[in-house]
Amino acid sequence: MLRDCRPEQLKSWLPGAKVSSTERVGKFILLELKPGGSSSFVFYLTIHLGMTGQLLINPRDPGKHGRFVFEMRGREGEPICLQFRDMRKFGRLHLTVGTPAPRLALLGPDAWVGEWDAGYLARELCGRRASLKAFLLDQRHLSGIGNIYSDEILWWSRLCPLRSCGSLSSDEIVRLAQEIRRILGEGVRLLGCSISDFVDTQGSSGEFQKWLRVYGRQGKKCFRCGARLVRAVVSGRGTIYCPECQPKNASPE
DNA sequence: CCCAAGTCCTGGTTGC
DNA sequence: TGCAACCAGGACTTGG
């Protein structure tokens with residue numbers, strides 16, 4: 001159970017605590033901690049990187065936008081420093097007792113490795129008026145998809161971001177489900193998308209940005225049909241798509 | 001001035 | 001008409 005507690009209370013538990021497990025849930029990083037001594041409860045550090053957050057292990061230099069640092073010891077007693085950097089301050093940390101930050105309970109299944117299928121997607125899409133783009137960004141349906149991957153997924157699925165959820169045929173839903181898993185898998189295989197800030201815990205950049213088909217390519221030619229890619233703002237987010245092979249009208253097929 | 005990887009909050013709209 | 005669910009857009013923040 002989640003218990004209310006004051007920051008200074010949590011602070012007093014941290015020294016001597018052990019990281020008992022780590023997990024990723026959607027875009028959240030979760031550390032399970034057990035306090036030192038004989039206490040049996042657990043507490044959690046829930047981390048969200050926001051847009052520009054970085055989590056670094058033993059960084060070579062203090063960096064420019066350090067927000068917090070955890071000093072730890074490894075199994076052999078070697079020092080381990082975990083630093084959180086975040087230029088735009090959109091990242092979040094939550095320290096809670098008993099359960100992770102409450103917002104995690106609201107997340108849909110993990111879009112990449114979660115237990116869901118085209119049937120689940122069909123049920124979630126059914127009857128909704130919102131755009132496909134807004135749907136993919138809404139972490140309550142599937143968790144883990146952001147603005148870059150949603151545009152890429154929709155291009156590969158040949159679906160217009162402006163289409164309404166309820167307008168998809170079952171063939172289109174199956175296609176979308178396949179591309180969600182495939183594109184996120186590619187992103188992970190290529191170690192992420194380093195447009196400007198993203199690095200892994202070792203400070204290394206990913207490679208996915210080299211394989212982008214639409215994101216950041218407004219006005220350039222579609223790799224599939226050669227038409228000019230266009231930009232629209234959909235539910236407040238910049239959205240790039242091909243007006244030719246991602247048509248607004250449902251394709252007759 | 002424009003734009004940017006995310007989420008929360010507010011206020012308006014839709015439909016039962 | 002009432003109400004809840006749904007949905008779009010602004011706020012937040014720093015920098016290129």
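Residue numbers begin at 1 in each chain, while the letters A, B, ... track the order of the sequences.
Going from atom CG of A:Leu132 over to atom C1' of C:dC7 covers 15 Å, rounded to whole Å. Atom CD of A:Gln139 is separated from atom C1' of B:dG6 by 8 Å (rounded to the nearest Å). When the C1' atom of C:dC7 is taken as reference, atom CZ of A:Phe135 falls 14 Å away, rounded to whole Å. Atom NE2 in A:His141 sits about 12 Å away from atom C1' in C:dA5, given to the nearest Å. The CG-P distance, from A:Leu49 to B:dG6, rounds to 11 Å in whole Å. Straight-line distance from the CG atom of A:Asn147 to the C1' atom of B:dA4: 9 Å, rounded to whole Å. In this structure, NZ of A:Lys133 is placed 12 Å from C1' of B:dG6, rounded to the nearest angstrom. Note: CD1 (A:Ile29) to C1' (B:dT7) measures 16 Å, nearest angstrom.
Both distances falling under 3.5 Å, in either a Watson-Crick or a G-U wobble arrangement, place C:dG16 opposite B:dC2.
Nucleic acid contact class of A:Tyr149 (heavy atoms, under 4.0 Å, all strands): none. A:Gly91 comes within 4.0 angstrom of no nucleic acid atom, judged by non-hydrogen atoms across all strands. At a threshold of 4.0 angstrom between heavy atoms, the contacts of A:Asp197 include nucleobase atoms, whether or not backbone atoms are also involved. Counting non-hydrogen atoms under 4.0 angstrom, A:Arg140 reaches nothing in the nucleic acid.
Dashed line: the shortest gap from a side-chain N or O of A:Arg237 to OP1 or OP2 of C:dG9 is not under 4.0 Å. Residue A:His65 has a polar side-chain atom (N or O) positioned under 4.0 Å from OP1 or OP2 of C:dG15. Phosphate proximity of B:dG6 to A:Lys27: present, with a side-chain N or O under 4.0 Å from OP1 or OP2. Distances shown here put a side-chain N or O of A:Arg128 below 4.0 Å from the OP1 or OP2 atom of C:dC7. Remark: A:Arg67 is not in phosphate contact with C:dT14, judged by side-chain N or O atoms under 4.0 Å from OP1 or OP2. When the side-chain nitrogen and oxygen atoms of A:His48 are compared with OP1 and OP2 of B:dG6, none of them lie within a distance under 4.0 Å.
In this structure, A:Met87 and A:Thr52 approach most closely via the heavy-atom pair N-OG1, 3.5 Å. The minimum heavy-atom distance linking A:Asp86 with A:Gly91 is given by the pair OD2-N, 2.7 Å. The two residues A:Cys222 and A:Trp155 come nearest to each other via the heavy atoms SG-NE1, 3.4 Å.
For the ring pair (Phe, Tyr, Trp, His ring centres under 6.0 Å) with A:Tyr149, the qualifying choice from A:Trp112, A:Trp211, A:Trp156, A:Phe208 is A:Phe208, the only one to do so.
Heavy-atom nearest nucleotides on DNA chain B were determined for A:Arg129 and for A:Arg88, and the one closer to the 5' end corresponds to A:Arg88.
The side-chain heavy atoms of A:Leu95 and A:Leu33, taken from C-beta on, include a pair separated by under 4.5 Å.
Candidate nucleotides B:dC3, C:dG15, C:dC7 were compared by shortest atom distance to the side chain of A:Met87, and C:dG15 ranks first.
Lacking a ring centre under 5.5 Å from that of the base six-membered ring together with a plane angle below 30°, A:Phe90 does not count as stacked on B:dT7.
B:dC1 and C:dG10: their P atoms are spaced 16 Å apart (whole Å).
With hydrogens and angles left out, the side-chain atoms of A:Ser20 and A:Lys34 include no donor and acceptor closer than 3.5 Å.
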